[in-house]
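Inspection log for the structure reproduced underneath, given as structure tokens.
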There are 2 protein chains.
Amino acid sequence: MTALEPLKPTDSGALPRYREIYDALRQKIVSGAWPAGHKLPSEHELARTFGCARMTISKALGALAEQRLITRRRRAGTTVSAPRPQESVLEIHDIEAELVAAGSTYDYECLDRQVRPANADDASALGVTAGTPVLSLIGLHRADGRPHAFEERLINLRAVPEARRERFSRTSPGRWLLQRIPWTDAEHQICALNADAAIARRLEIPRHKACLSIERNTWLDEQRITHVRLIYPCDQHRLIARFRHQRA
Amino acid sequence: MTALEPLKPTDSGALPRYREIYDALRQKIVSGAWPAGHKLPSEHELARTFGCARMTISKALGALAEQRLITRRRRAGTTVSAPRPQESVLEIHDIEAELVAAGSTYDYECLDRQVRPANADDASALGVTAGTPVLSLIGLHRADGRPHAFEERLINLRAVPEARRERFSRTSPGRWLLQRIPWTDAEHQICALNADAAIARRLEIPRHKACLSIERNTWLDEQRITHVRLIYPCDQHRLIARFRHQRA
DNA sequence: AAGTGGTCTAGACCACAAA
DNA sequence: TTGTGGTCTAGACCACTTG
């Protein structure tokens, strides 16, 4: 199969035309028949080849471009991209939803709650100017009664003033925020660390045991909403990320 | 701003029409003016409101749907989605590229190389049937001469027969594969662990020090290509993931 | 200057699901 | 049954970029 199928008999089956075209072109690429750098026919030519309107071709190419399988440039045409660097969609689920889905019980306990003007550490973690009112929360997530994750959180009260009225004694602030506050940007940092004395005590694990630390910053447009650091014992959490070139 | 702008004077500026419409609708959603569950006007009505063709509206809505900000269903119409669960694009860069970008020198050393029929462990890790020929590689990545990551890898020789001829004595198999083999699916598992004796020795760190473990499986369509496990000392690696609702 | 992709139109028909 | 989104057409003009 070195030439494009000139015409496909209209599958009375199912797939829309642009999707068939997408699949046909994608096959050329992932099979290696069209290696990186290969120049594709122009949209006009593909439209003639496949016997459809140019917009239909454009939709198929748009999908391939979104998958980074091809690069499209005016005048220069469309070429097969170099294999993309490892990149994956990481889903970091809501802790409660995750545990409930796994059939565990869940509860949250507040260990400390303070409203204060941001000190230097707060300001740097949350990315606000010192003195901005913040809500500092320290809490523990439990699964089936056993410690599951330790949470340190800062909430920008300038962005989320209504959080000042919440006690968060049994309500996980993460869930509360997620349900109320739209967010536009999130950033995660993931690393490993050895449990220090405080963390070991809270999570009821030996000192120095490896833990997974997930830090998350969220924004609503330019405004910082919250900073959170979650610490999981190594054997209680595992991030799973999947990526498919092919569209759903 | 509770009503939609009925018409925008054609910005002689820059943005395409569908993008302006996308932005306008997105603003309604992230600002909270249209909460989750809110029903959007129909495409025909939006086309009238914005004074454009329905396909232009459809393109804007398609982009919003891809961001999961809205849900579109035939007959039922288009509604604002619930805030999405935490989900982020995780970029796991090629180790060498990452180090070079950071201004470090990089080298790879092969510690062990075997071609063998898959044993039970290989078969389970790589997801092939026992007896399938596999290439097993154990190696060390170094940055500025110091151990940076420990790698254990299995390559399915049925999928990548040409790997059998490679020595991989100084060439990182990850990079070699990435440059040659197209892949369609990848799965990552990330967790923390305490260094055991073997890892501590290889990475020249104390035993029990926390490490980040990244396991990756890759597929070409249904066929398994490789399984790799990378172990980084906690202070030498940090995954960073960003997510934006807004399109680039 | 000319060819390419990027966008847009004003229609059309269809499939689906809710009423 | 009917309104909705999903797809498609056969054109069109424009912006960009390369030759």
Side-chain angles (χ1 to χ4, degrees), chain A residues 4 7-26 29 34 37-81 247-248, chain B residues 4-5 7-25 29 34 37-81 247-248:
Chain A
L4 282 170
L7 275 185
K8 272 190 183 172
T10 316
D11 282 8
S12 65
L15 254 43
R17 196 90 180 92
Y18 81 88
R19 179 55 191 271
E20 289 177 16
I21 295 167
Y22 169 92
D23 285 340
L25 297 177
R26 178 177 170 281
I29 297 168
W34 286 351
H38 176 88
K39 188 162 183 242
L40 274 69
S42 76
E43 295 193 357
H44 284 101
E45 190 163 335
L46 286 170
R48 244 180 296 118
T49 308
F50 284 102
C52 65
R54 188 165 74 99
M55 266 212 73
T56 306
I57 296 293
S58 183
K59 192 165 184 180
L61 293 183
L64 288 166
E66 203 162 333
Q67 302 294 320
R68 315 252 188 118
L69 285 172
I70 59 172
T71 306
R72 307 163 84 190
R73 278 186 311 151
R74 290 171 146 114
R75 170 73 202 189
T78 301
T79 54
V80 175
S81 305
R247 324 190 79 189
Chain B
L4 282 170
E5 304 93 283
L7 275 185
K8 273 190 182 171
T10 316
D11 282 9
S12 65
L15 255 41
R17 196 88 182 93
Y18 81 88
R19 179 55 191 272
E20 289 177 16
I21 294 168
Y22 169 91
D23 285 339
L25 297 177
I29 297 168
W34 286 351
H38 176 88
K39 187 162 184 240
L40 273 69
S42 77
E43 296 192 357
H44 283 100
E45 190 162 337
L46 286 170
R48 244 181 295 119
T49 307
F50 283 102
C52 66
R54 188 166 76 101
M55 267 211 74
T56 306
I57 296 294
S58 182
K59 192 164 184 181
L61 292 183
L64 288 165
E66 203 162 333
Q67 302 294 322
R68 314 252 190 118
L69 285 172
I70 59 172
T71 306
R72 306 163 86 191
R73 277 186 310 152
R74 290 171 147 114
R75 169 72 202 191
T78 301
T79 53
V80 175
S81 304
R247 323 191 79 189

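Sequence lines set the chain letters: A, B, ... in the order given, protein chains first and strands last, and positions in each chain run from 1.
Here the side chains of Gln67(A) and Arg26(A) are not in contact, with every heavy-atom distance at 4.5 Å or above.
No side-chain donor from either of Thr79(A) and Thr71(A) sits under 3.5 Å from a side-chain acceptor of the other.
For a distance-only test at 3.5 Å, the side chain of Arg75(A) qualifies as a donor-acceptor partner of the base of dA2(C). Looking at Arg74(A), its side chain comes within 3.5 Å of the base of dA15(D) through a donor and an acceptor atom.
For the side chain to side chain contact (heavy atoms under 4.5 Å, CB included) test with Val80(B), the passing option among Leu64(B), Leu69(B), Leu25(B), Leu40(B) is Leu40(B); the others fail.
For the pair Arg73(B) and dA17(C), the criterion of a side-chain N or O lying under 4.0 Å from OP1 or OP2 is not met. Taking only side-chain nitrogens and oxygens, Ser58(A) never comes nearer than 4.0 Å to OP1 or OP2 of dG6(C). Applying the 4.0 Å criterion to OP1 and OP2 of dC8(C), one finds that Lys59(B) has every side-chain N and O outside that range. Contact between the side-chain N/O atoms of Tyr18(A) and the OP1/OP2 oxygens of dT7(D) is found at a separation under 4.0 Å.
Rounded to whole angstrom, the span from the OH atom of Tyr22(B) across to the P atom of dT7(C) amounts to 14 Å. Separating the CZ atom of Arg19(A) from the P atom of dC8(D) is a distance of 12 Å, rounded to the nearest angstrom. Distance Arg72(A) CZ to dT18(D) P: 17 Å, rounded to the nearest Å. Residue Arg54(A) contributes atom CZ, which lies 8 Å from atom C1' of dT4(C) at whole-angstrom precision. Look at CD on Glu43(B): it is 14 Å from C1' on dC8(D), rounded to the nearest Å. Rounded to a whole Å, the CD1 atom of Ile21(B) is 11 Å from the C1' atom of dC8(C). Lys39(B) has its NZ atom 12 Å from the P atom of dG3(D), to the nearest Å. In this structure, CD of Glu20(B) is placed 18 Å from P of dG6(C), rounded to the nearest angstrom.
Within the nucleic acid shown, Thr78(B) comes within 4.0 Å of sugar-phosphate atoms alone, with no base atom in reach, counting heavy atoms only.
Toward the 5' end of DNA chain D, the nearer of the two residues His44(B) and Met55(B), judged by each one's closest nucleotide, is His44(B). A residue-by-residue look at Ala76(A) and Leu61(B) shows that Leu61(B) has its nearest nucleotide of DNA chain D further toward the 5' end.
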Check the pair Phe50(B), Arg17(B) against side chain to side chain contact (heavy atoms under 4.5 Å, CB included), reporting the backbone distance first and the verdict last. CA-CA 9 Å; Phe50(B) 283 102; Arg17(B) 196 88 182 93; 4.2 Å; yes
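Note that CG of Leu61(A) and CD1 of Ile70(A) are 4.5 Å apart. Values are rounded to the nearest 0.5 Å.
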